[in-house]
Structure formats: C-alpha cells, structure tokens
Amino acid sequence: MSDFIFIDNPFKDLDFKRLKAGLKPDRSFEDSIGLVNPYDGLLEVLKSENLIEEFWQKFNNSLPLKKEGFDLQEKYKAFDVKINAENRSVSYSLKIGYEVVRYTKHFLYFLNKFLGGNFRDVETDFLLFLSLQDQKEANFIVNQLVADLCEVLGKLNNQTVKVQTDKVVLNLVNLYVENDLKRISNTYFDVITPVNQKRVKKIFPNLVDLLEYKQKFLSFKIHSKQQRPTKVIESLFKSLKGNGLINSSTQLHSFREVFEGKQNSAKVDWVENKATLFYFITQLVENEIIERDYNIWKKVSYCITLNTREIDSLKNSRATESQDKREKVDRVISRVLQMR
C-alpha cells in the first residue's frame, strides 16, 4: 500500500524504529498532533544562513529522480534526468508502462507551493496554539515571533544571489514573511512591546503610526476574569460618583463606553487630582479589573479629562500619598472585588 495515502497522517514523521528500540523519538506525540508553535519548523528553515540552497535541496529531494535503489514500482521508473542549475529547474522522463511522459519541474513553482502551504497552515494553527497559552506566555510568544520575522527579513538582504531565479526566490520569501509580520502586528498590536514596535516600524514606516492612530480610539476593556462585566461597570460608576471622584453630571451610558473597548468613546471627567487618578488606574490594572496593555496611559488621555481639561500624559506620574484620597479609591476597588 502506498505511503502517499497517508500524506496527512499526523504520525507519519514519528520514528517508530526508535520507539521500538526504547529510544526517545525525534518528535514527541505532542509535536505530531500540533500542540507546539507551528511557526517553529518554518522559522528554522527561514533562518538558514544559506536559504536559497536549502530550498533548492528541498526541491531536488522532492523529485522522483532516478538514483540507486529508487523504484516507484517495478514498471514506474524515472530516467534521463537533467538538472539545470542556471535557471533552477529539473527535467526528467517517466516511463509508465510502454509510454514515456516528460516533465519539467520548476524551482519557483515548487517554492511558491511550499511557502503558500506552510504559511496557510500556520495562520490557522497559530491561533489555536496561542489560545492554549496563558496571557503572559501568549504575549511572550507573539513578541518573540515578531522579532524572529524581523530577523528573517533582515537576513534576506545578506543571501548570496547566483542566478536571476534567486532574486525572484528572495522576493517571494520576503512577500510571505512581510504579509505575516504585518498581520500579526495588526492583530496583536496591544501586546507588542515598544522595542518590537520600533523593529516593525523600520520595515513598515507607516504601519505603527497607522496602528497607533487606530488603537488610540479604543477605550478600556474590562478584564476577562471579571465574569459580570456589565455589573462591574455599574459598580464603578456608582462608587466613583458616590466618592466624589468623577463629575456628578456623568451619565451611565457615557461612562459605560469608556470601559467597553469602544472606538471614539465619550470622555469621563475626573474631579480629583492627577496623582489620585494615577493611583486609581494602577489599582484597576493590578486587581485585574481592566485589561493591561502597553497603551494604557495613552488611553487615559483619550478617555478621561481632568477637571474638564485634557490630560497630556500620566505615564511618568506618581500615585497620591494622601491616605484620605487612597481610601476613596480603595473603597471603589473593594466594591468591585466583592462581586467575584
């Protein structure tokens, strides 16, 4: 029975001889069923010091070339193989019964198929893989991936080009990697570190600015650990008003927009001082009432005014040292935490 029937079998790469001998397999069970980062294998190839030659070798190994011990079946034999290294193509004849069929396999066709298939598989599998991680680990993985893809793009410029086809190869790889880097940067912008944002910006000068512009209109979001987000927002609204921390004329529907991840949300007017607001925001984050993200202080400026005035930035501010003001904020936080 042909092995090609089992081409999609997830266990096809397990080394059963090693298993029978009691040795550790080259690939684990978890690897075979896709519980590892699907980018790992692809990046291992893309980070190669001599990427074009490695792809060319993969191409040659994929062809049914006539070599010692090779036999498709008794009557299916490849012969008359011609390798044209100048334009990266292989032509060969295949005898099927009494007929001879001639083929020409082009390196670029193979490469486009290889890249297309691998990146498509990664696109869906990566979302599944990421969903199985906790938030901290997921953030780390995303940032490592962004750094790796930026590194690949940097290395492409240093690849040795021997023939015209090689230039097309590098452009093709560049296209696929750029596309994924752009998609990941867009999707996970909230968790990409400032260092990685700079790396991305070197490659796509306008992308980060565009994403920041888009992101700045998103208001705060209640943390996923809060099982009743609507009640949390209502509790914050009543407590902040009751403790004289926000403008008494604030309406619930406007206040709600500030905590629902809305675009162009209404602004809430904070009537205490800046240091107390800083303490309030840090307590919301530390107690997992709102989601943490790298743009948290920008969001404060977009969603909150200070005694009806715009806020420049709270990033380098300090929390209030006034016990009275801290207690007001603590009462608000405590009321929300009692709902868990």
Side-chain angles (χ1 to χ4, degrees), residues 28 30-31 33-48 51 115-156 173-226 260-263 281-282 284-286 288-300 302 315:
S28 67
E30 288 79 8
D31 290 345
I33 59 174
L35 295 182
V36 295
N37 190 340
Y39 268 102
D40 287 349
L42 184 58
L43 284 168
E44 190 176 338
V45 176
L46 295 176
K47 284 185 174 184
S48 171
L51 181 60
L115 292 171
N118 276 277
F119 276 98
R120 266 195 306 275
D121 289 344
V122 159
E123 192 167 336
T124 51
D125 290 350
F126 184 66
L127 293 176
L128 175 60
F129 169 75
L130 210 59
S131 69
L132 299 175
Q133 317 304 315
D134 60 43
Q135 190 61 46
K136 187 176 180 180
E137 183 68 14
N139 293 355
F140 173 80
I141 290 167
V142 166
N143 277 285
Q144 184 60 52
L145 178 55
V146 168
D148 285 341
L149 292 175
C150 288
E151 181 188 339
V152 169
L153 289 173
K155 279 188 174 182
L156 291 180
V173 175
N174 196 89
L175 184 68
Y176 276 103
V177 176
E178 276 193 356
N179 182 63
D180 264 36
L181 180 59
K182 194 176 287 187
R183 178 177 56 83
I184 290 163
S185 300
N186 196 348
T187 306
Y188 302 105
F189 182 74
D190 269 356
V191 302
I192 294 178
T193 63
V195 171
N196 276 333
Q197 285 185 22
K198 287 181 180 178
R199 286 182 175 137
V200 173
K201 193 166 185 176
K202 284 183 179 178
I203 299 165
F204 307 112
N206 299 321
L207 180 64
V208 174
D209 288 340
L210 177 65
L211 292 173
E212 285 180 347
Y213 179 80
K214 170 186 171 184
Q215 191 68 15
K216 73 179 183 181
F217 293 103
L218 295 181
S219 59
F220 304 107
K221 189 176 180 181
I222 298 298
H223 200 284
S224 57
K225 287 188 177 181
Q226 300 297 330
E260 290 185 330
K262 296 278 188 182
Q263 288 189 344
I281 296 298
T282 55
L284 287 177
V285 173
E286 288 174 10
E288 297 181 322
I289 295 172
I290 62 173
E291 297 281 2
R292 180 191 302 269
D293 70 59
Y294 291 100
N295 293 311
I296 192 74
W297 301 115
K298 288 185 179 181
K299 290 189 176 188
V300 171
Y302 303 139
K315 188 173 183 179

- Item | Heavy-atom pair of closest approach, residues I192 and S185 | CD1-CA, 3.5 Å
- Task: Measure the CD1-CD distance between I281 and E286 for me, rounded to the nearest 0.5 Å.
- Result: 11.5 Å
- Message: For S219 versus G261, what's the shortest heavy-atom pair and its separation?
- Response: OG-N, 3.2 Å
- Message: Can you list everything that forms a side-chain contact (heavy atoms from CB on, under 4.5 Å) with V285? Sequence neighbours excluded, please.
- Response: I290, R292, I296
- Task: Only pairs at least two apart or in different chains count here, so list each salt bridge (charged side-chain N to carboxylate O under 4.0 Å, His left out) that has a residue in residues 135-146.
- Result: none
- Identify the heavy atoms of C150 and L181 that sit nearest to each other, and give their distance. SG-CD2, 3.9 Å
- Query: Between Q133 and I141, which heavy-atom pair has the shortest distance, and what is it?
  - Reply: CG-CD1, 3.8 Å
- Task: Mind checking salt bridge (Lys or Arg N to Asp or Glu O under 4.0 Å) for K202 and listing every partner two or more places apart, or none if nothing turns up?
- Result: none
- Checking Q226 side chain against E288 main chain: does a donor-acceptor pair fall under 3.5 Å? yes
- Message: I'd like to check the side-chain hydrogen bond (donor to acceptor under 3.5 Å, both in side chains) partners of T282; sequence neighbours left out, ordered by chain and number.
- Response: none
- For N174, the side-chain hydrogen bond (donor to acceptor under 3.5 Å, both in side chains) test, sequence neighbours excluded, returns E178
- Message: Could you check whether any side-chain N or O of E291 sits under 3.5 Å from a backbone N or O of S224, counting only pairs where one atom can act as donor and the other as acceptor?
- Response: yes
- Note on the structure: Sequence neighbours excluded, the answer for ring-ring contact (aromatic ring centres under 6.0 Å, His included) partners of F119 is Y176
- Message: Taking salt bridge (Lys or Arg N to Asp or Glu O under 4.0 Å) as the definition, give me every residue that meets it alongside K155, ordered by chain and number, with sequence neighbours left out.
- Response: E49, E151
- Message: Test: salt bridge (charged side-chain N to carboxylate O under 4.0 Å, His left out). Region: residues 140-149. Which pairs qualify, not counting sequence neighbours?
- Response: K47-D148
- Query: Can you tell if the side chain of L43 reaches within under 4.5 Å of the side chain of L145, non-hydrogen atoms only?
  - Reply: yes
- Task: Mark yes or no for whether N143, through its side chain, and N139, through its backbone, hold a donor-acceptor pair below 3.5 Å.
- Result: yes
- Smallest heavy-atom separation, N37 atom then F129 atom, equals N-CE1, 3.3 Å
- V45 and L51 have their tightest heavy-atom pair at O-CD1, 3.2 Å
- Task: Can you measure from CD1 (I184) to OH (Y39) and round to the nearest 0.5 angstrom?
- Result: 3.5 Å
- Would you give the length of the straight line joining atom CG of N118 to atom CG of L46, rounded to the nearest 0.5 angstrom? 8.5 Å
- Item | Inter-residue atom distance N179.CG - K182.NZ, 0.5 Å rounding | 7.5 Å
